Amino acid sequence: MCGIIGYLGSRDATSILIDGLRRLEYRGYDSAGVAVLERTGVQSVVKRAARVETLVEALQERMPEGRLGIGHTRWATHGRPTQVNAHPHTDCRGRISVVHNGIIENFEELRAELRRAGHRFASDTDTEVVPHLIEEYYRGDFLAAVRQALARIRGAYALVMFCLDDPELLVGARLNAPLVVGLGEGEYFIASDIAALLPYTRKVLVLGEGEIAAVTPLGASVTALDGMPAPTRVLHVSWDTEQAERGGHPHFMLKEIMETPEAAANALRGRLDDQGRVHFAELELPDERLQGLAEVRLLGMGTSRHAAMVGEQLIEAWAGLPARAQDASEFRYRPALVGPDTLVVAVTQSGETADTIVALRQARQQESATVAVTNVVGSTIAREADGVIYLHSGPEIGVASTKTLVAHLVSLGLLALRLGELRGVADRRQGLVRELRELPALIRQVLDDGPRLAELARRYAGYRNFLFVGRGLGHPVALEGALKLKEISYLHAEGTSGGELKHGPIALLDRDTPVVAVCTEGPSWEKLLNNVHEVAVRGAPVLALVPRGERALADVATDVLELPRSGELGSAVLATVALQLFAYHVAVGLGRDVDRPRNLAKSVTVE
Ligand code: AGP
């Protein structure tokens with residue numbers, strides 16, 4: 001998730017691009033760059049592998065002077081955050097400049113084809129294929145070449161681009177990534193979000209999926225990929241800057257929960273082929289090494305440890321390989337009984353959690369194969385592990401992990417499938433692949449139930465203690481539901497497995513201690529129903545999360561929240577999202593600072 005901005009008008013483009021990039025920096029901040037068509041007819045491209053202010057210092061040495069330009073602030077997906085990988089990217093002759101947000105799934109295949117045609121690439125990015133592909137098709141009509149190029153691209157993109165030969169044309173295109181056109185007085189902007197445009201205009205044209213905007217001094221026209229005119233939707237925006245950064249939501253946490261379908265789709269994108277086989281571009285461990293594994297350890301902290309616990313169950317069930325999730329901070333103080341036939345998976349959103357870094361280093365000393373599953377390209381853990389699976393979720397600003405947890409669950413599901421594939425475990429495979437592919441749409445259905453979750457949260461926000469209970473994959477979901485609630489609402493919440501309930505936690509229950517029962521589908525469903533009966537007869541209010549249409553708890557639970565039906569992993573993901581929304585609404589109801597809860601940091605970089 002990067003920030004992009006383009007300008008065409010009569011003012012100084014460079015200053016407008018800098019201002020836009022400052023406003024967009026929250027979308028990505030590992031590198032930044034601009035390309036400006038100068039009055040002299042040449043194009044200046046300036047980039048830095050650093051924050052926007054470092055780019056500004058570089059520009060101040062010589063400000064490019066022009067009226068047309070594009071800018072980008074990057075959150076790396078393919079290719080480390082280096083100057084050469086920073087956007088804009090250009091074609092071989094440096095005449096076409098492009099900035100991009102999204103992931104181009106078939107970039108390796110396109111790059112190989114373009115190389116064979118004589119194109120030379122400077123970066124490791126997926127984006128760089130775009131200017132070269134346009135160059136390949138360019139015969140004097142830039143827009144036509146853009147259309148031909150886009151027809152070859154699979155994946156997600158918001159693109160803004162221009163060509164030196166067409167100094168009065170700025171082009172934007174979108175597919176599965178947001179892009180808006182700002183309509184000013186005799187000037188036009190194209191940006192990844194409204195926050196960048198607010199000082200200049202509040203008249204905004206929202207591009208639809210697969211649409212292209214061609215902006216000239218005479219106006220903006222919108223067409224579909226095939227060139228047919230598309231209906232335009234012009235909005236008047238009344239948001240202030242902060243609201244705009246949050247996409248109109250009151251908190252980043254809510255914005256990020258709403259981005260979960262996209263995060264799940266990004267984690268899947270390009271990784272499942274038509275036969276349902278799994279491909280990880282950056283997982284550089286040879287198949288032979290993965291085939292010879294005797295066990296898998298998954299290490300993480302907090303929410304990432306809960307993701308690791310889900311991964312543990314999936315790897316055992318889907319790949320038939322012994323697996324164990326561990327608290328990374330404990331792993332490092334115990335005898336490291338891992339070796340070359342152990343795969344150690346570091347599960348971490350930030351890639352900078354000190355406990356997980358140290359545990360990973362210890363595993364490397366024991367010559368274990370190591371993989372990082374992380375959101376941050378170029379983070380310490382991504383650099384030090386043998387292989388990486390990136391989440392591709394874009395920055396997560398709220399301290400509470402939300403969309404990245406779901407991306408972790410999806411990615412660990414893919415890893416389990418891949419390990420199963422290498423070990424010849426084929427049963428249920430097609431069903432599991434279908435389950436993963438259906439997830440983004442099912443998550444959307446849970447989000448659509450937001451008002452019901454808000455109402456439930458209002459009813460439960462008056463309690464001071466909560467017990468979350470689940471079995472199978474529902475157990476880590478229950479632990480995470482409790483963690484999310486306590487970290488942002490400061491209410492006491494505990495999670496337990498259904499089996500453990502009678503061994504102690506049940507003593508806590510009375511009519512002032514509600515139980516949140518995560519009744520996900522799975523082999524211990526009947527046992528979990530028994531648990532709900534046990535807690536209900538002790539007078540505890542019960543909020544039960546059940547598959548849609550399930551009536552078994554209708555007369556037992558105080559409240560029942562129905563979730564879309566899916567497989568075991570799918571149900572766990574859907575319950576996770578519902579509990580994030582529940583925690584969010586409880587915390588908002590109590591007036592908590594949900595994006596910056598007390599005593600917590602987004603990334604815990606000390607042990
Ligand atoms: C979860 O909401 C917290 N932000 C916290 O538990 C977090 O998951 C933990 O600190 C691990 O962070 P990481 O994923 O960046 O390693």
Side-chain angles (χ1 to χ4, degrees), residues 75 251-257 259-260 263 267 298-311 325-332 344-361 363 370-385 388-412 468 476-491 493-495 576-577 579-584 586-587 592-607:
W75 177 265
H251 299 98
F252 277 109
M253 182 179 172
L254 184 59
K255 172 177 183 268
E256 286 156 5
I257 293 173
E259 287 169 353
T260 307
L298 301 105
L299 310 177
M301 300 302 295
T303 294
S304 291
R305 186 171 70 88
H306 299 148
M309 290 172 74
V310 171
Q326 276 182 278
D327 172 322
S329 69
E330 291 294 324
F331 174 86
R332 68 160 305 205
V344 170
V345 183
V347 183
T348 168
Q349 183 281 131
S350 62
E352 300 296 349
T353 297
D355 290 309
T356 314
I357 294 175
V358 179
L360 175 81
R361 288 180 184 155
T370 55
V371 175
V373 188
T374 184
N375 195 32
V376 183
V377 175
S379 58
T380 306
I381 291 179
R383 288 198 313 271
E384 294 192 12
V388 190
I389 297 171
Y390 285 120
L391 302 182
H392 297 318
S393 300
E396 189 175 66
I397 291 169
V399 163
S401 301
T402 53
K403 62 176 178 174
T404 58
L405 168 59
V406 169
H408 260 136
L409 301 182
V410 169
S411 305
L412 291 169
F468 286 68
V477 172
L479 297 180
E480 174 60 14
L483 173 67
K484 205 90 304 169
L485 185 63
K486 73 183 126 190
E487 72 177 331
I488 58 169
S489 72
Y490 319 147
L491 297 175
E494 277 189 36
T576 299
V577 175
L579 292 181
Q580 290 172 351
L581 270 178
F582 177 74
Y584 169 79
V586 169
R592 310 296 193 227
D593 184 353
V594 289
D595 284 338
R596 284 175 298 269
R598 69 185 182 200
N599 307 338
L600 293 177
K602 182 68 183 159
S603 176
V604 183
T605 54
V606 287
E607 285 180 67

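Counting starts at 1 for both ligands and their atoms, following the listed order. Given the structure is predicted, the values throughout are model-derived calculations rather than measurements.
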Problem set entry | Any donor-acceptor pair under 3.5 Å from Glu352 side chain to Ser379 backbone | no

Exercise. Does the side chain of Thr404 come under 3.5 Å of the side chain of Glu396 through a donor N or O and an acceptor N or O?
Worked result: yes

Problem set entry | Check: Asp355/Thr353 side-chain N/O donor and acceptor closer than 3.5 Å | no

What does the contact table look like for ligand 1 (nitrogen or oxygen on each side, cut-off under 3.5 Å)?
unit_1, atom_1, unit_2, atom_2, d
ligand 1, 2 (O), Thr303, OG1, 3.3
ligand 1, 2 (O), Ser401, N, 2.8
ligand 1, 2 (O), Lys484, NZ, 3.0
ligand 1, 2 (O), Glu487, OE1, 3.2
ligand 1, 2 (O), Glu487, OE2, 2.5
ligand 1, 4 (N), Val399, O, 2.9
ligand 1, 6 (O), Thr303, N, 3.3
ligand 1, 8 (O), Thr303, N, 3.2
ligand 1, 12 (O), Thr353, OG1, 3.4
ligand 1, 14 (O), Ser304, OG, 2.6
ligand 1, 14 (O), Gln349, N, 2.7
ligand 1, 15 (O), Ser350, N, 2.9
ligand 1, 15 (O), Ser350, OG, 2.6
ligand 1, 15 (O), Thr353, OG1, 3.4
ligand 1, 16 (O), Thr348, OG1, 2.7
ligand 1, 16 (O), Thr353, OG1, 2.5

Exercise. Is the side chain of Lys403 donor-acceptor paired with the backbone N or O of Ser393 at a distance under 3.5 Å, no angle test?
Worked result: yes

Exercise. Would you say His408's side chain and Val373's backbone share a donor-acceptor pair under 3.5 angstrom?
Worked result: yes

Exercise. Within the distance-only criterion (no hydrogens, no angle test), does the side chain of Thr374 pair as donor or acceptor with the backbone N or O of Tyr390 below 3.5 angstrom?
Worked result: no

